[in-house]
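Scroll down for the structure; my scribbles are underneath it.
Values reported hereafter were calculated over all heavy atoms of this structure, with side chains retained and with hydrogens, waters and symmetry mates removed.
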Amino acid sequence: MKKILSRRIGIIERYKEFMCVSDKTLECIVSLNEGDTPLILSEHLAERVGCDLRVYFKFEGLNPTGSFKDRGMTFAVTNAVEEGKKAVICASTGNTSASAAAYASRAGLKCFVVIPEGNVAKGKLCQAFRHGAKVIQIKGNFDQALEIVKQITEKHPIQLVNSLNPYRIEGQKTASFEICDLLGCAPDYHAIPVGNAGNITAYWKGFKEYKQAGKIDSLPKMIGFQAAGAAPIVHGHPIEHPETLATAIKIGNPASWKQAEAARDESGGLIEAVTDDEIVAAYRFLAEKEGIFCEPASAASVAGVIKLAKRNYFKGGEVITCTLTGHGLKDPDLALSFDDEVIVIDADLKKIEKIIVG
Ligand SMILES: *Cc1c(COP(=O)(O)O)cnc(C)c1O
């Protein structure tokens with residue numbers, strides 16, 4: 001007999017016992033088989049920081065649209081379909097719009113995305129356009145975009161699919177489940193970039209629910225990292241003009257601020273800032289030494305671990321998991337901004353041989 005692949009093996013189906021889903025929800029699932037991303041053991045980080053650590057990278061760039069946003073979007077769009085909505089809308093630094101556009105196209109819903117002009121990486125913008133979203137660029141920042149879409153959804157029957165939508169958090173918490181399933185226990189620390197702070201909220205919720213269900217015995221300390229020029233939680237006040245090359249975390253007034261602080265405080269972790277130089281160093285380390293190409297914002301988690309290890313925050317022997325939130329191909333402009341040597345030469349064996357073997 002031919003094996004028939006279910007068309008819906010995404011995170012809702014796999015973890016439905018941990019989600020609030022009805023039979024009707026299961027009938028409506030809009031999925032691109034998101035989740036089930038690899039947990040890759042670091043080969044070189046411990047050596048680099050001179051500390052005996054076991055570090056794993058949860059590479060979320062391998063989701064269908066290239067970021068973790070797909071975990072939340074499958075559930076948010078499924079819910080929009082279940083509620084009979086005909087359109088979805090989001091404010092976005094890029095990846096939310098890419099994901100919303102893809103899932104909305106699959107569900108046959110209209111998609112509107114409001115983004116800060118000039119601050120969205122090209123790969124993400126391509127995705128929003130190709131999946132047929134209506135792209136509205138504002139002369140303003142992410143925080144202003146979010147305020148506008150919130151007001152629109154209060155007036156019109158359009159589903160908000162930013163992480164204020166609780167289904168986003170519910171979907172995203174499944175990354176914690178996968179980490180624990182793969183490790184067979186919880187990590188000692190979980191490192192994560194913090195922008196609008198939905199993801200750190202989701203991970204902490206996931207870890208707590210897994211402990212409550214008896215799947216793990218302990219909880220990790222949550223260590224979150226903001227970019228130094230966009231670090232409202234670290235400074236304790238909103239940043240009116242956030243600045244960082246890590247555009248995915250260029251956010252001055254996070255929607256899930258309180259929940260991020262709760263994750264930090266309940267877990268005994270911390271939220272700190274890393275500079276753009278530290279982010280770029282980690283981004284290049286991951287690509288050049290670990291073979292993993294993530295986007296700059298993603299590298300904030302690893303930049304943070306390197307920074308903490310250098311000041312002897314870890315005792316040694318700990319297991320640390322780091323979320324790498326998105327794929328490096330999302331931001332080709334940054335990737336090509338490093339003065340790489342480009343060799344252009346005749347198609348001549350001798351000349352090329354000379355370059356290769358001297
Ligand atoms: C959305 C995003 C973040 C920030 O996640 P929050 O939930 O907003 O804190 C970080 N990195 C990438 C690549 C993202 O797309």
_As a quick check of understanding, evaluate side chain to side chain contact (heavy atoms under 4.5 Å, CB included) for M222 and R264, giving each step before the final call._
CA-CA 6 Å; M222 300 297 292; R264 173 193 68 193; 5.9 Å; no

*asked:* Does either side chain, that of S67 or that of H327, offer a donor lying less than 3.5 Å from an acceptor on the other one?
replied: no

*Is it true that L39 and L219 fall in one hydrophobic cluster, defined by side-chain heavy atoms closer than 4.5 Å?*
yes

*asked:* Among residues at least two apart in sequence or on other chains, which ones pass side chain to side chain donor-acceptor pair (under 3.5 Å) with K124?
replied: E295

*For the residue pair M19 and T174, establish whether any side-chain heavy-atom pair is separated by less than 4.5 Å.*
yes

*asked:* Tell me whether the rings of H235 and H237 are parallel (<30°), tilted (30 to 60°) or perpendicular (>60°).
replied: parallel

_Taking the basic N atoms (NZ, or NE/NH1/NH2) and the acidic carboxylate oxygens, is any pair closer than 4.0 Å for K24 and E27?_
no

*Looking at NZ of K351 and CD1 of I343, how far apart are the two atoms once the value is rounded to the nearest 0.5 Å?*
13.5 Å

*Is I233 close to E261 at the side-chain level, that is, under 4.5 Å between some pair of heavy atoms?*
yes

*With distance as the sole criterion, is a donor-acceptor pair present between the side chains of N63 and E34 under 3.5 Å?*
no

*Verify same cluster id: W257, I200 (apolar side-chain graph, 4.5 Å)*: yes

*V81 side chain reached by V30 side chain, heavy atoms, under 4.5 Å*: yes

*Rounded distance [0.5 Å steps], CD in E290 versus CZ in F59*: 12.0 Å

*asked:* Closer than 3.5 angstrom, by distance alone: can the side chain of T323 be matched with the main-chain N or O of I192 as a donor-acceptor pair?
replied: no

*Quick one: do the Y15 and D181 side chains pair a donor with an acceptor below 3.5 Å?*
yes

*Would you say the side chains of T37 and K58 form a donor-acceptor pair under 3.5 Å?*
yes

*Residue pair T201 / Q172, side-chain heavy-atom distance below 4.5 Å*: no

*Determine the minimum heavy-atom distance between P187 and I179, stating which atoms define it.*
CD-CG2, 4.1 Å

*Any donor-acceptor pair under 3.5 Å linking the side chain of D346 with the backbone of D348?*
no

*Roughly how far, to the nearest 0.5 Å, is the SG atom of C90 from the CZ atom of F112?*
11.5 Å

_Minimum side-chain heavy-atom gap F225-P193 below 4.5 Å_ = no

_Tell me whether L53 shares a hydrophobic cluster with V274, the cluster being built from Ile, Leu, Val, Met, Phe, Trp, Tyr side chains joined at under 4.5 Å._
yes

*Side chains of K173 and F207 in contact at under 4.5 Å (non-hydrogen atoms)*: no

*Can you establish whether the number of heavy atoms outside Y167 located under 6.0 Å from its atom OH is more than 12?*
no

_Between K215 and E209, does any side-chain N to carboxylate O distance fall below 4.0 Å?_
no

*Worked check of side chain to side chain contact (heavy atoms under 4.5 Å, CB included) between V149 and L160*: CA-CA 7 Å; V149 299; L160 180 72; 3.6 Å; yes

*Salt-bridge test for E178 and R71: reply yes if a basic N is under 4.0 Å from a carboxylate O, no otherwise.*
yes

_Could you tell me if R168 sits above the aromatic ring of F75, with its cationic atom closer than 6.0 Å to the ring centre and no more than 45 degrees from the axis?_
no

*Is there a donor-acceptor pair closer than 3.5 Å between any side-chain N or O of S42 and the backbone N or O of L45?*
yes

*Using 4.0 Å as the upper bound for N to carboxylate O, is an ion pair formed by K289 and E43?*
no

*With no hydrogens and no angle check, do the side chains of D70 and T65 hold a donor and an acceptor under 3.5 Å apart?*
yes

*Determine, stepwise, if the pair F18 / Y210 fulfils ring pair (Phe, Tyr, Trp, His ring centres under 6.0 Å).*
CA-CA 9 Å; F18 291 93; Y210 240 32; 5.2 Å; yes

*Would you kindly say whether S31 and E13 are connected by a side-chain donor-acceptor distance under 3.5 Å?*
no

*Distance-minimising heavy-atom pair for G198 and S163*: CA-OG, 4.1 Å

*Atom OG1 in T321, atom CG in L183: separation rounded to 0.5 Å?*
6.5 Å

*Does CG in D23 sit with more than 12 non-hydrogen atoms of other residues, nucleotides or ligands closer than 6.0 Å?*
no

_Assess whether a salt bridge exists between K211 and D217, defined as any Lys/Arg side-chain N lying under 4.0 Å from an Asp/Glu carboxylate O._
no

*Is there side-chain contact between I356 and E353, with at least one heavy-atom pair below 4.5 Å?*
no

_Applying side chain to side chain contact (heavy atoms under 4.5 Å, CB included) to E147 and Q151, what does each step give before you reach the verdict?_
CA-CA 6 Å; E147 196 45 48; Q151 292 189 23; 3.3 Å; yes

*Examine distances only and state if a side-chain atom of N253 and a backbone atom of P238 form a donor-acceptor pair shorter than 3.5 Å.*
no

*Would you kindly confirm whether Y56 and V305 end up in one hydrophobic cluster when ILVMFWY residues are joined by side chain heavy atoms under 4.5 Å apart?*
no

*asked:* So that I know where these two stand, are Y189 and Y313 an aromatic pair - ring centroids less than 6.0 Å apart?
replied: yes

*At what distance, to the nearest 0.5 angstrom, does OG of S301 lie from CG of L286?*
7.5 Å

*asked:* Strictly below 4.0 Å, N to O, side chains only: are D188 and K221 in salt-bridge contact?
replied: no

*Would Q127 and K330 count as having a side-chain donor-acceptor pair, cut-off 3.5 Å?*
yes

*When you check the gap from the basic side-chain N to the acidic O, do K205 and E266 get nearer than 4.0 Å?*
no

_Contact check, side chains of L41 and R54, non-hydrogen atoms, under 4.5 Å_ = yes

*Determine whether more than 12 heavy atoms belonging to other residues, nucleotides or ligands lie under 6.0 Å from atom CD of E240.*
no

_Under 4.5 Å between side-chain heavy atoms, counting indirect links through other Ile/Leu/Val/Met/Phe/Trp/Tyr residues: same cluster for L324 and F293 or not?_
no

*Could you check R284 against F338 for side chain to side chain contact (heavy atoms under 4.5 Å, CB included), going step by step and ending with a plain yes or no?*
CA-CA 10 Å; R284 296 192 66 167; F338 294 96; 3.4 Å; yes

*asked:* Less than 3.5 Å apart, any donor N or O on the side chain of S22 or T25 sitting next to an acceptor on the other?
replied: yes

*Which value, rounded to the nearest 0.5 Å, describes the distance between I89 atom CD1 and I136 atom CD1?*
6.0 Å

